[in-house]
Number of protein chains: 2
Amino acid sequence: MARREPLNREKVLDAALALADEEGLDGLSMRRLAKALGVEAMSLYNHVSNKADLLDGIAERVFAQVEPPDPELPWQEQVRSAALSMYRAFRRHPVVPMALVTDRSNPTSVRALSPLDALVGALYAGGFDDQGAWRALGAVNSLVFGSLLLSTGGFAADVREHAGATNVGAYVTQMNPAALPHFSRLLRWTQGGGVDPEADFRHALDALIKGLENQAS
Amino acid sequence: MARREPLNREKVLDAALALADEEGLDGLSMRRLAKALGVEAMSLYNHVSNKADLLDGIAERVFAQVEPPDPELPWQEQVRSAALSMYRAFRRHPVVPMALVTDRSNPTSVRALSPLDALVGALYAGGFDDQGAWRALGAVNSLVFGSLLLSTGGFAADVREHAGATNVGAYVTQMNPAALPHFSRLLRWTQGGGVDPEADFRHALDALIKGLENQAS
DNA sequence: GGCGTATGCTTACGCTGTAAGTAGAGGAGA
DNA sequence: TCTCCTCTACTTACAGCGTAAGCATACGCC
């Protein structure tokens, strides 16, 4: 009986991330993942304690791609680059933010959090006190994950194929223009193309950072 | 055989929302909902075409609680009050934003969107062009839903019981302080209590609106 | 009174995550 | 070399899910 190359956690997580990227979060089941690895479902439990653990694992893998900001830069630039790096890392794997929101298991690992630690450090260095840093961090994270989720999740899913449309404006496909005049003008504009989610996010981030400057005390 | 008071869509949605509030999104299954209504699961399909349709329905019900802003106010105030109203409506039903992100079905109804229409109108009136309004709307929505999701979802779920802790900072329960010095300082601060998610959100919203003013051209 | 239609129930299918038990291969110690 | 221990993977099984198909009942209208 031919001995198979043994599994390990890394291979499982790699395959899980690939499968999720390809088929969406719904397509990622233990059985399908096992099949993709040429293995039975229960074998995965030797390397992953749970499905939640599996999702944690792929989230951590994506977090690890986030680059910490250069501590020499002013705090505004550090916040901007850290936030953008998070945004880009998760944009490459659109289902992962949904996994983060959906699952509810272990505390996130130290490794995943280290870029955020640098970000908090930048805020402290920029003159924020504890509450200010807490709020600024929450605001930035909310904007990053909110942008990701609104441009990826159910909101926009039904029109994702339209011209790269994104965000909440996009999830209306037919409407009575008289009932929602401004909204339908906006929607018509988006259908002219030229919507770029990352550029939109950058704009929003710029605005937020500008506003945070006033609160830095 | 005693004739039962007949079901209707409204009753189904009411019960679904109540069940979801009470048991979380995972606790909301067709079978359990049916049992709560004293009915068999398949009977629900006479009033709801899908589980996704069910989730849409409860989301719409929450959207309907959002109050449109006073069109006499300056656009900044309109944005602020509309965003806050959305935040509060969804905060009362914490699982609904997750349902919105998770499901992927019909376009959202006109009724649900009318407060957003007013918001877009305020942006146009404030001097934003199409792209500016699009971006501002996306930024505000991202912040609202990001705040809701981070303070409710998997991120914070494992520590939700700690002192109302919220947002990304909260999902670390034990860590090596040396590895994440700034983060653990911040975390220690949050455990002193006094974290108020809505106040934090308001601060973030103020910052964002301040930043958007610069972009209003 | 009879009939069409709407409502709800029953059964069934294929899917899910995962608990429990079993088989076999690799390495360690005698 | 033989034996035993551990680790990996497989098999089976269970309870739950969403929902398709078919059947029974009760109401409103002719």
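Below, read A as the first sequence line, B as the second, and so on, with proteins coming before strands; counting in each chain starts at 1. Since the model is a prediction, treat every value here as computed from it, not as a measurement.
- A salt bridge links A:R9 to A:D53: at least one charged side-chain nitrogen sits closer than 4.0 Å to a carboxylate oxygen.
- Crowding of A:E10 atom CD: a count of heavy atoms from other residues, nucleotides or ligands under 6.0 Å not exceeding 12.
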Requested in this report: Please test B:F90 against B:F145 for ring pair (Phe, Tyr, Trp, His ring centres under 6.0 Å), starting from the C-alpha separation and ending with a verdict.
Outcome: CA-CA 9 Å; B:F90 283 103; B:F145 281 93; 5.3 Å; yes

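- Regarding contacts with the backbone of C:dG8, a side-chain N or O of B:H47 is found under 4.0 angstrom from either OP1 or OP2.
- At whole-Å resolution of the value, NZ in A:K35 and C1' in C:dT16 are 14 Å apart.
- When each of C:dT10, C:dT7, D:dT11 is scored by its nearest atom to the side-chain atoms of A:E40, the top-ranked nucleotide is D:dT11.
- Ion pair B:D130/A:R188 not flagged as a salt bridge, since none of the NZ, NE, NH1 or NH2 atoms sits closer than 4.0 Å to an Asp/Glu carboxylate oxygen.
- The distance from atom CG of A:N46 to atom C1' of C:dA20 is 14 Å, rounded to the nearest whole Å.
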Could you go through nucleotides 15-22 of chain D and list every protein N or O atom that sits under 3.5 Å from one of its N or O atoms, giving the distance for each pair?
from   : atom 1 : to    : atom 2 : distance (Å)
D:dC17 : OP1    : B:S29 : OG     : 2.8
D:dG18 : OP1    : B:M30 : N      : 3.4
D:dG18 : OP1    : B:K51 : NZ     : 2.9
D:dG18 : OP2    : B:M30 : N      : 2.9
D:dG18 : N7     : B:R31 : NH1    : 2.5
D:dG18 : O6     : B:R31 : NH2    : 3.1
D:dT19 : OP1    : B:N50 : OD1    : 3.0
D:dT19 : OP2    : B:Y45 : OH     : 2.7
D:dT19 : OP2    : B:K51 : N      : 3.0
D:dT19 : O5'    : B:Y45 : OH     : 3.3
D:dT19 : O4     : B:R31 : NH2    : 3.4

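- Residue pairs meeting the side chain to side chain donor-acceptor pair (under 3.5 Å) criterion with at least one partner in residues 31-40 of chain B, sequence neighbours excluded, are B:E23-B:R32.
- Here A:E198 pairs with A:R88 in a salt bridge; the nearest charged N to carboxylate O distance falls below 4.0 Å.
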